[in-house]
Amino acid sequence: MSVTGTSIEDGRVVMQDPRMSGVDSQERPYEMRAVRAFQSLTGGGVDLEKVTATLFVDDDTTADITATAGFYDSETNLLRLTDGIEVKTSNGIAIKLATADIDLAAGAMQGGGPVAIDTPNQTIRSSSLTVSDGGKVLSFGGRVRMVIAPSEAGSTEKQAFKSE
């Protein structure tokens, strides 16, 4: 973890431009940044302001995450994000949700809604989202709605072959 400056306000350490990086259980790198972070002088977790994170979903795909606020617990390696959460992947997926609990080591996430996922060919709306198996498995809950747009002739076979 690195910071560009620190001060003490109201019994808390205030860190400017904190950055943290590491690897998950599958040795994929991640990096988390915030504009400011606040931690009690007695220790514990860290409150984060204007959070951004980048993590690898697989060898070719990254996910950029932004949120207005967050809380990082270094003992459990969990990141809780709230307010204006957006995820954009390098392969064209955009996700918006209300809350997200991210297990940085396991590469898993529990998201609360409303959840909106948009890809070039589909939209998904639900009340919750669970990401597991390092981002390979997505499960939706609560009033799940999905719209699939027609694709170009022959692209279905190409996509199915690419997914195998």
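Start at 1 with the first residue, then count along the sequence.
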Colleague: Is there a path from L48 to V13 through hydrophobic residues (I, L, V, M, F, W, Y) whose side chains come within less than 4.5 Å of each other?
Modeller: yes
Colleague: Ignoring hydrogens, what is the shortest heavy-atom contact between G113 and A98? Give both atom names and the distance.
Modeller: O-CB, 3.2 Å
Colleague: So, does E49 use its side chain to make a donor-acceptor pair with the main chain of A34 at under 3.5 Å?
Modeller: no
Colleague: Evaluate the side chain to side chain contact (heavy atoms under 4.5 Å, CB included) criterion for residues I65 and I102: first the C-alpha distance (whole Å), next the side-chain angles of each, then the deciding distance (0.1 Å), finally the verdict.
Modeller: CA-CA 11 Å; I65 303 167; I102 303 168; 4.2 Å; yes
Colleague: Quick one: does R36's side chain get under 4.5 Å of M15's, heavy atoms only?
Modeller: no
Colleague: So, applying side-chain contact (heavy atoms from CB on, under 4.5 Å) with M109, which one of V131, V87, L81, L138 is it?
Modeller: V131
Colleague: Distance check, rounded to the nearest 0.5 Å: D73 atom CG versus R80 atom CZ?
Modeller: 11.0 Å
Colleague: Between G112 and L97, which heavy-atom pair has the shortest distance, and what is it?
Modeller: O-CB, 3.5 Å
Colleague: With sequence neighbours excluded, tell me which residues meet side-chain contact (heavy atoms from CB on, under 4.5 Å) with T99.
Modeller: T82
Colleague: Side chains of R143 and S127: any donor to acceptor distance under 3.5 Å?
Modeller: no
Colleague: Do other residues, nucleotides or ligands put more than 12 heavy atoms under 6.0 Å from R33 CZ?
Modeller: yes
Colleague: Can V147 be reached from V115 by stepping across I, L, V, M, F, W or Y side chains whose heavy atoms are under 4.5 Å apart?
Modeller: no
Colleague: Would you please say whether a donor-acceptor pair under 3.5 Å links the side chains of D64 and T54?
Modeller: yes
Colleague: Once rounded to the nearest 0.5 Å, what's the spacing between atom CD of Q39 and atom CZ of R12?
Modeller: 10.5 Å
Colleague: Provide the closest heavy-atom pair for D83 versus A69 in the form atom of the first, atom of the second, distance.
Modeller: OD2-CB, 4.1 Å
Colleague: Work out which heavy atom in V35 is nearest to a heavy atom in P18; give both atom names and the distance.
Modeller: O-CD, 3.9 Å
Colleague: Return the set of residues passing side-chain contact (heavy atoms from CB on, under 4.5 Å) with N91 (not counting sequence neighbours), or none when no residue passes.
Modeller: T61, T89, I93
Colleague: Can N121 and I148 be said to form a side chain to side chain contact (heavy atoms under 4.5 Å, CB included), step by step?
Modeller: CA-CA 6 Å; N121 295 326; I148 300 173; 5.5 Å; no
Colleague: Measure the CD-CG distance between Q110 and L129 for me, rounded to the nearest 0.5 Å.
Modeller: 8.5 Å
Colleague: At their closest point, which heavy atom of S126 faces which heavy atom of F140, and how far apart are they?
Modeller: OG-CD2, 3.6 Å
Colleague: Between D47 and Y72, do the side chains contain a donor N or O and an acceptor N or O under 3.5 Å apart?
Modeller: no
Colleague: Can you sort out the partners of Q122 under side-chain hydrogen bond (donor to acceptor under 3.5 Å, both in side chains), two or more places apart, ordered by chain and number?
Modeller: none
Colleague: Would you check if the side chain of R125 reaches a backbone N or O of I117 as a donor-acceptor pair within less than 3.5 Å?
Modeller: yes
Colleague: Could you tell me the separation between the CD atom of E86 and the OG1 atom of T52, rounded to the nearest 0.5 Å?
Modeller: 12.5 Å
